[in-house]
Amino acid sequence: MKLAKTLALGVALAVAMMAGTATAADIKIGLVVKSLGNGFFDAANKGAQEAAKELGGVEVIYTGPTSTTAEGQIEVINSLIAQGVDAIAVSANDPDALVPALKKATQRGIKVISWDSGVAPEGRILQLNPSSNELIGKMCLTLAKDHLEGGKGDFAILSATTTSTNQNIWIDQMKKQLKDFPGLNLVTTVYGDDLSDKSYREAEGLLKSNPNVKVIVAPTTVGVLAASKVVEDKGLVGKVYVTGLGLPSEMAGAIKSGATKEFAIWNPIDLGYSATQIAYRLVKGETDGKPGSEINAGRMGKIKVGDNGEAAMADPFVYNASNIDQFSKVF
């Protein structure tokens, strides 16, 4: 009798432990970033974890490759499939190369979205853009113009990888809108692969090859910081300026040194938060994410999916000496 009671108690404890584990992570969401160790994505993860805590019963698995390659992301995606996650939210290093792996995930019942840097439509339910692509392109050109005397002169672009979906779209938008900025002359575009050391070398090299370039526009947080350091290290402050998309916490020094006057970015914390909210709503069956649908994104309100299967979160915000101290303490 005593043995039976002991066994019953053991079974009860095991069931309770299993139930507790299920409650702690009823829904698992893989948040796949371009590469680990990137301040922008670390900030996005903060937002994702905030959303998970708010929703309850959600585990966000923050993961990505060590370098910005499609191959690395494919390995990560396959690992998440093997783990049996419920959703994958990916910022893609390549719009097309990830599609087969993401289709495999979908066939296993996993809800797939892309965010920040999108994948081709056949590989996901929807794409969450941090802002309007047109507005980001215009903002980058406006920032370049504002750093040039009289709004005229040569500028260059330092981007991430040649296959980065979002950077390529923004650069394309910049080129399309150059006609509205007649004083600007785009000299060249170079790629630092979102690696600090390579971005530094590329910025250094383009300034040597193009001494008339007065502004470097980097639509990548890694690139804009690396280029700012080149300007500081080479004693070019006041002669060459850097601008683009950066994190206040990383760019505060560049503002104070004069390497840049201003730069822009949306809030990556909000972006990670929104991506997690959307993934959760898809898993719960609260939305199908189809064009025209509106998705509850918690404190971010309703996010509407456009006809192209894409949604936009917010307009870029400009940071300069008047507000950098305030925001550099946040992200």
Side-chain angles (χ1 to χ4, degrees), residues 34 40 68 91-96 114-124 126-194 199 202-203 206 209-210 212-224 227 241-246 260-266 271 291 304-319:
K34 290 182 176 179
F40 177 87
T68 50
S91 176
N93 283 325
D94 188 292
D96 301 310
S114 56
W115 60 284
D116 178 51
S117 183
V119 295
E122 57 269 26
R124 44 77 174 171
L126 62 85
Q127 155 67 12
L128 176 64
N129 294 315
S131 181
S132 158
N133 292 319
E134 293 81 4
L135 287 176
I136 295 171
K138 183 177 180 180
M139 175 61 73
C140 287
L141 291 176
T142 300
L143 290 168
K145 177 183 176 182
D146 291 347
H147 279 81
L148 289 165
E149 185 175 350
K152 298 180 179 180
D154 292 347
F155 78 102
I157 296 172
L158 169 62
S159 190
T161 68
T162 57
T163 57
S164 291
T165 316
N166 50 352
Q167 273 86 15
N168 285 342
I169 292 173
W170 300 334
I171 291 170
D172 185 55
Q173 283 296 325
M174 291 170 68
K175 291 177 178 178
K176 286 180 180 178
Q177 296 182 56
L178 265 176
K179 63 182 185 300
D180 300 322
F181 295 80
L184 295 182
N185 178 42
L186 175 58
V187 175
T188 188
T189 300
V190 297
Y191 300 89
D193 291 348
D194 255 359
S199 295
E202 291 293 338
L206 80 82
S209 302
N210 304 278
N212 291 328
V213 166
K214 301 303 179 187
V215 174
I216 296 176
V217 177
T220 156
T221 57
V222 174
V224 74
Y241 292 99
V242 178
T243 189
L245 306 177
T260 185
K261 296 177 182 177
E262 57 185 10
F263 61 94
I265 198 68
W266 40 88
L271 186 56
K304 186 173 182 178
V305 183
D307 293 338
N308 57 356
E310 298 187 9
M313 193 184 68
D315 294 341
F317 184 82
V318 175
Y319 302 87

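Between Leu206 and Ile216, the closest side-chain pair of non-hydrogen atoms falls below 4.5 Å. Contact of the Val224 side chain with the Leu245 side chain is not registered, since no non-hydrogen atoms from C-beta on lie closer than 4.5 Å. Between Asp146 and Lys261, the closest side-chain pair of non-hydrogen atoms is not below 4.5 Å. No side-chain heavy atom of Val242 sits under 4.5 Å from any side-chain heavy atom of Leu158. Two residues are said to be in side-chain contact when any heavy atoms from C-beta on lie closer than 4.5 Å; Asn166 and Lys34 meet this criterion. Counting heavy atoms from C-beta outward, Gln127 and Thr165 have side chains that stay 4.5 Å or more apart. Side-chain contact between Asp154 and Asn210: absent, with no pair of heavy atoms (C-beta onward) separated by less than 4.5 Å. Within the 4.5 Å cutoff, side-chain heavy atoms of Met139 are placed close to those of Val318.
In this structure Glu262 satisfies the side-chain hydrogen bond (donor to acceptor under 3.5 Å, both in side chains) test with no other residue, sequence neighbours excluded. With sequence neighbours excluded, no residue forms a salt bridge (Lys or Arg N to Asp or Glu O under 4.0 Å) with Asp116. Legend: residues meeting salt bridge (Lys or Arg N to Asp or Glu O under 4.0 Å) with Asp172, ordered by chain and number and at least two apart, are Lys176. Partners of Thr243 by side-chain hydrogen bond (donor to acceptor under 3.5 Å, both in side chains), not counting sequence neighbours: none found.
Rounding to the nearest 0.5 Å places OG of Ser132 at 7.5 Å from CD of Gln173. Annotation: the span from Leu184 atom CG to Cys140 atom SG amounts to 11.5 Å, rounded to 0.5 Å. Atom CG of Asp193 and atom CD of Glu202 lie 8.0 Å apart (nearest 0.5 Å). Note that the CG atom of Asp194 and the CG atom of Asn93 stand 8.0 Å from one another [nearest 0.5 Å]. Taking NZ from Lys138 and CE from Met174, the interatomic distance works out to 14.0 Å, rounded to the nearest 0.5 Å. Note that CD1 of Ile136 is 9.0 Å distant from CD of Glu134, once rounded to the nearest 0.5 Å.
Between Gly244 and Val217, the closest heavy-atom pair is CA-CG1, 4.3 Å. Taking every heavy atom of both residues into account, Pro95 and Thr163 meet most closely at CD-O, 3.4 Å. When all heavy atoms of Gly137 and Gln177 are compared, the closest pair comes out as C-NE2, 4.2 Å.
Residue pairs meeting the ring-ring contact (aromatic ring centres under 6.0 Å, His included) criterion with at least one partner in residues 150-194, sequence neighbours excluded, are Trp170-Trp266.
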**Request:** Decide side chain to side chain contact (heavy atoms under 4.5 Å, CB included) for Ile171 and Ile157; before the verdict, give the C-alpha distance in whole Å, the side-chain angles of both, and the deciding distance to 0.1 Å.
**Result:** CA-CA 8 Å; Ile171 291 170; Ile157 296 172; 4.0 Å; yes

Which pairs of donor and acceptor atoms, one on a side chain in residues 305-317, lie under 3.5 Å apart (sequence neighbours left out)?
{"from": "Asn308", "atom 1": "OD1", "to": "Glu310", "atom 2": "N", "distance (Å)": "3.1"}
{"from": "Glu310", "atom 1": "OE1", "to": "Asn129", "atom 2": "ND2", "distance (Å)": "2.8"}

